[in-house]
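Below, chains carry the letters A, B, ... as their sequence lines are ordered, and counting in each starts from 1.
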There are 2 protein chains.
Amino acid sequence: MSSLDKMLKVLDLFGEERMSIQLEDVQAAGASRATAYRYIQSLCDSGLLAPTTGGSYVLGPRIIELDRLVRRADPLLTRAGAPMRDVSARLGINVMLCSYYGDKVMCADIVWPERSVPEYYERGRPMPMFRGAMAKTILAHLTPYQLRNIMLWHGELVREAGLGENWEQFRSNMSRLRRDGYCVTRGEVIPDLVGIGAPVFDAERRILGSVVFAVRESRFQSAGKEDLVSEIKQLAARITSAIAGEAGDRPAQRAARPRKIRTLAPEDASPVE
Amino acid sequence: MSSLDKMLKVLDLFGEERMSIQLEDVQAAGASRATAYRYIQSLCDSGLLAPTTGGSYVLGPRIIELDRLVRRADPLLTRAGAPMRDVSARLGINVMLCSYYGDKVMCADIVWPERSVPEYYERGRPMPMFRGAMAKTILAHLTPYQLRNIMLWHGELVREAGLGENWEQFRSNMSRLRRDGYCVTRGEVIPDLVGIGAPVFDAERRILGSVVFAVRESRFQSAGKEDLVSEIKQLAARITSAIAGEAGDRPAQRAARPRKIRTLAPEDASPVE
DNA sequence: GAAATAGTCTCACAATACGAGAATAATATA
DNA sequence: TATATTATTCTCGTATTGTGAGACTATTTC
């Protein structure tokens with residue numbers, strides 16, 4: 001592993017429980033005192049880290065600045081907001097927006113009027129890649145190339161997730177989801193929660209992400225699957241055409257491209273805390 | 001400059017106008033093709049960058065993930081929200097929350113009911129370090145050490161900003177601001193906009209940031225300076241005690257520590273676009 | 001399927017990241 | 001304001017490893 005990678009791994013020390021790190025934490029990750037300081041120094045200079053009192057360091061202002069840039073420019077986020085809020089208000093239903101990043105699926109936005117449903121997700125929360133409607137909807141629309149690579153490099157995970165025992169099964173499962181144009185999952189991420197998802201594309205019909213209704217099992221039963229499916233498909237279509245509408249000008253913002261997907265997050269499957 | 005710094009400088013290629021970069025952009029910043037790919041590779045592996053189609057790269061999911069961590073844990077942000085919204089609703093006034101990061105001042109949150117005032121700021125927008133009520137309020141509360149260092153390394157900027165021609169003047173100006181407990185600036189960042197700011201501290205009375213009212217000159221005239229000053233001081237005090245209340249337990253989150261402040265952002269003074 | 005584009009690997013060499021300790025800076029304490 | 005303590009940077013010789021050029025492989029497009 002190069003020194004570049006080792007330095008960037010310092011960022012991995014942060015997590016929900018640990019919001020500040022110290023010199024020793026970096027040393028413990030395998031670096032001499034001098035080197036630990038060097039990494040910290042570079043990260044601080046770039047603003048990714050910021051020093052606080054007592055020799056500890058926190059995430060720095062650059063993070064917030066860069067996130068602002070992403071929020072401003074992400075076509076998914078900027079174009080999905082209004083339609084999402086419309087539908088959510090009309091149906092009184094919880095909606096999530098998911099973004100696909102080549103090797104990661106992430107919650108990009110939520111509208112959550114049904115407060116009795118636990119608000120597990122929020123912008124920036126990573127999501128499992130093989131479970132839940134958000135993920136499967138996206139998975140289904142990757143290119144054949146990408147799907148084959150996933151089976152090749154992560155067949156074990158595919159099998160665990162029940163997406164197919166082999167390439168033929170996986171391929172045909174994904175193909176069916178694609179034809180359906182929606183995906184329903186029950187309790188795959190959070191018990192008792194049903195996800196109803198549909199895909200969002202860019203102007204070139206590449207998968208960008210997904211929108212998902214998150215409802216309790218009881219509501220899903222009473223509401224009737226067909227209506228919810230029809231609504232989510234309409235919502236996704238509205239967002240897709242809003243994105244296609246703005247396009248043509250600037251270069252496509254983000255799209256699928258996982259190549260070998262060598263490095264799925266090691267524990268991409270720890271959703272319920 | 002080390003290879004670490006060179007790699008991190010790739011992130012500086014992004015900006016409001018440029019949301020995706022290409023191999024050539026990295027090469028142009030001074031790296032061979034192989035090295036450019038190496039930097040990109042490391043940044044992609046860490047999730048700071050993500051590949052898109054056509055050999056271009058955008059900011060990656062890690063940015064959003066890390067920003068979430070910051071939002072969740074920042075005591076300033078989490079404790080200021082409610083009081084800010086209260087006051088803003090009661091007075092129908094625009095309020096900004098500013099965060100201090102050792103060498104940078106940044107907008108952390110805004111509540112903006114007075115829509116006729118241009119919404120120049122938003123979370124993540126960097127702010128000038130020597131102009132405007134947000135910045136000066138913070139500046140005034142740095143330690144003597146820090147102030148001296150600023151004068152030493154950035155005396156020119158201090159003079160330009162009219163904060164004092166020499167150390168004695170600078171020191172006494174800051175000292176007066178500190179005694180006042182508030183700071184009013186007029187049109188320093190945006191023409192016709194008056195800022196009324198007060199400092200927010202952590203449990204150990206170290207400066208964390210500032211809250212600022214942003215009103216038009218006309219309203220400032222009619223409303224009466226005293227009332228607004230009194231309100232902003234109360235607001236800041238409420239936030240400070242909310243933060244002190246939660247403290248004691250976890251290690252202080254963020255606080256001043258600019259050491260030499262060798263590297264103020266080169267153009268920290270380009271506010272009005 | 002083939003052609004065109006994007007990304008990775010190999011290898012020899014020299015630049016530079018590394019570790020240990022001394023020197024200095026910044027904070028806490030008196 | 002001066003002193004003690006803790007945190008950070010600097011110096012320097014060594015050898016690790018980052019570097020560039022080009023061949024090779026992977027991926028997308030047609």
Side-chain angles (χ1 to χ4, degrees), chain A residues 1-8 20-27 29-45 49-57 102-103 142-150 152-153 204-207 252 255-263, chain B residues 1-8 20-27 29-45 49-57 102-103 142-150 152-153 171 204-207 251-252 255-263:
Chain A
M1 175 179 307
S2 75
S3 66
L4 304 172
D5 295 320
K6 281 185 283 184
M7 178 183 65
L8 290 173
S20 74
I21 61 168
Q22 299 211 309
L23 184 65
E24 300 96 64
D25 301 320
V26 181
Q27 290 190 83
S32 71
R33 209 173 62 97
T35 300
Y37 268 120
R38 269 189 279 255
Y39 290 172
I40 287 174
Q41 164 107 265
S42 288
L43 290 168
C44 284
D45 284 351
L49 250 48
T52 64
T53 49
S56 53
Y57 298 83
D103 62 350
L142 299 185
T143 66
Y145 231 99
Q146 294 173 326
L147 287 177
R148 161 157 266 134
N149 272 325
I150 285 173
L152 236 47
W153 293 75
E204 283 82 28
R205 297 297 292 180
R206 277 180 296 244
I207 186 79
R257 178 160 240 281
R259 285 161 299 185
K260 291 188 181 158
I261 311 206
R262 280 185 273 226
T263 48
Chain B
M1 173 178 309
S2 74
S3 67
L4 304 172
D5 296 320
K6 279 186 284 186
M7 177 185 64
L8 289 172
S20 74
I21 61 169
Q22 299 211 308
L23 183 65
E24 301 94 65
D25 300 320
V26 181
Q27 289 189 84
S32 71
R33 206 175 73 100
T35 299
Y37 268 122
R38 268 190 280 257
Y39 290 172
I40 286 174
Q41 164 109 264
S42 288
L43 289 167
C44 284
D45 284 352
L49 249 50
T52 65
T53 50
S56 53
Y57 299 83
D103 62 349
L142 299 185
T143 65
Y145 228 101
Q146 294 173 328
L147 287 176
R148 161 158 267 133
N149 272 325
I150 285 174
L152 235 49
W153 292 75
R171 178 187 157 86
E204 284 82 28
R205 299 295 294 178
R206 280 181 295 245
I207 186 80
R257 178 159 240 278
R259 282 160 302 185
K260 291 190 182 156
I261 309 206
R262 281 184 274 225
T263 47

Practice prompt. Please tell me which of A/R33 and A/L4 maps to the more 5' nucleotide of DNA chain D, matching each residue to the nucleotide holding its nearest heavy atom.
Written response: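 On the 5' side of the pair lies A/R33.
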
Worksheet item: Closer to the 5' end of DNA chain D via nearest nucleotide, is it A/L23 or B/A31?
Response: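 Nearer the 5' end of the strand: A/L23.
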
[X] [atom1] to [N] [atom2], straight-line distance once rounded to whole Å:
| X | N | atom1 | atom2 | answer |
| --- | --- | --- | --- | --- |
| A/I207 | D/dT28 | CD1 | P | 15 Å |
| A/D5 | D/dG18 | CG | P | 9 Å |
| B/Y145 | C/dA28 | OH | P | 12 Å |
| B/Q146 | D/dT8 | CD | P | 13 Å |
| A/R205 | D/dT29 | CZ | P | 16 Å |
| A/M1 | D/dT16 | CE | P | 18 Å |
| B/D45 | C/dG7 | CG | P | 13 Å |
| B/E204 | C/dT27 | CD | P | 14 Å |

[X] side chain: which of [options] is closest?
| X | options | answer |
| --- | --- | --- |
| B/S2 | C/dA17, D/dT28, D/dT9 | C/dA17 |
| B/T35 | D/dT19, C/dA17, C/dG7 | D/dT19 |
| B/A34 | D/dT28, D/dA21, D/dG18 | D/dA21 |
| A/S3 | C/dA26, C/dG19, D/dG18 | D/dG18 |
| A/N149 | C/dA17, D/dT27, D/dT9 | D/dT27 |
| B/K6 | D/dT28, C/dT16, C/dA20 | C/dT16 |
| A/Y39 | C/dC18, D/dT28, C/dT8 | C/dC18 |

So, taking the atom named [atom1] in [X] and the one named [atom2] in [Y], what distance separates them when rounded to the nearest 0.5 Å?
| X | Y | atom1 | atom2 | answer |
| --- | --- | --- | --- | --- |
| A/L8 | A/Y39 | CG | OH | 10.0 Å |
| B/M7 | B/R38 | CE | CZ | 12.5 Å |
| B/E204 | B/R206 | CD | CZ | 4.5 Å |
| B/S2 | A/Q41 | OG | CD | 9.0 Å |

Worksheet item: Is A/Y37 near enough to D/dT9 that one of its side-chain N or O atoms lies under 4.0 angstrom from OP1 or OP2?
Response: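 A/Y37 to D/dT9 OP1/OP2: no side-chain N or O under 4.0 Å.
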
Worksheet item: Hey, does the side chain of A/Q41 come within less than 4.0 Å of D/dT9's phosphate (OP1/OP2), counting only N and O?
Response: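 Answer is yes, contact under 4.0 Å.
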
Discussion item. Base of C/dG7, side chain of B/R38 - is there a donor-acceptor contact under 3.5 Å?
Written reply: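 When only heavy-atom distances are counted, B/R38 does not reach the base of C/dG7 through any donor-acceptor pair under 3.5 Å.
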
Fill in: A/S42 and A/D45: side chain donor to acceptor below 3.5 Å
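There is no such pair between these side chains.
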
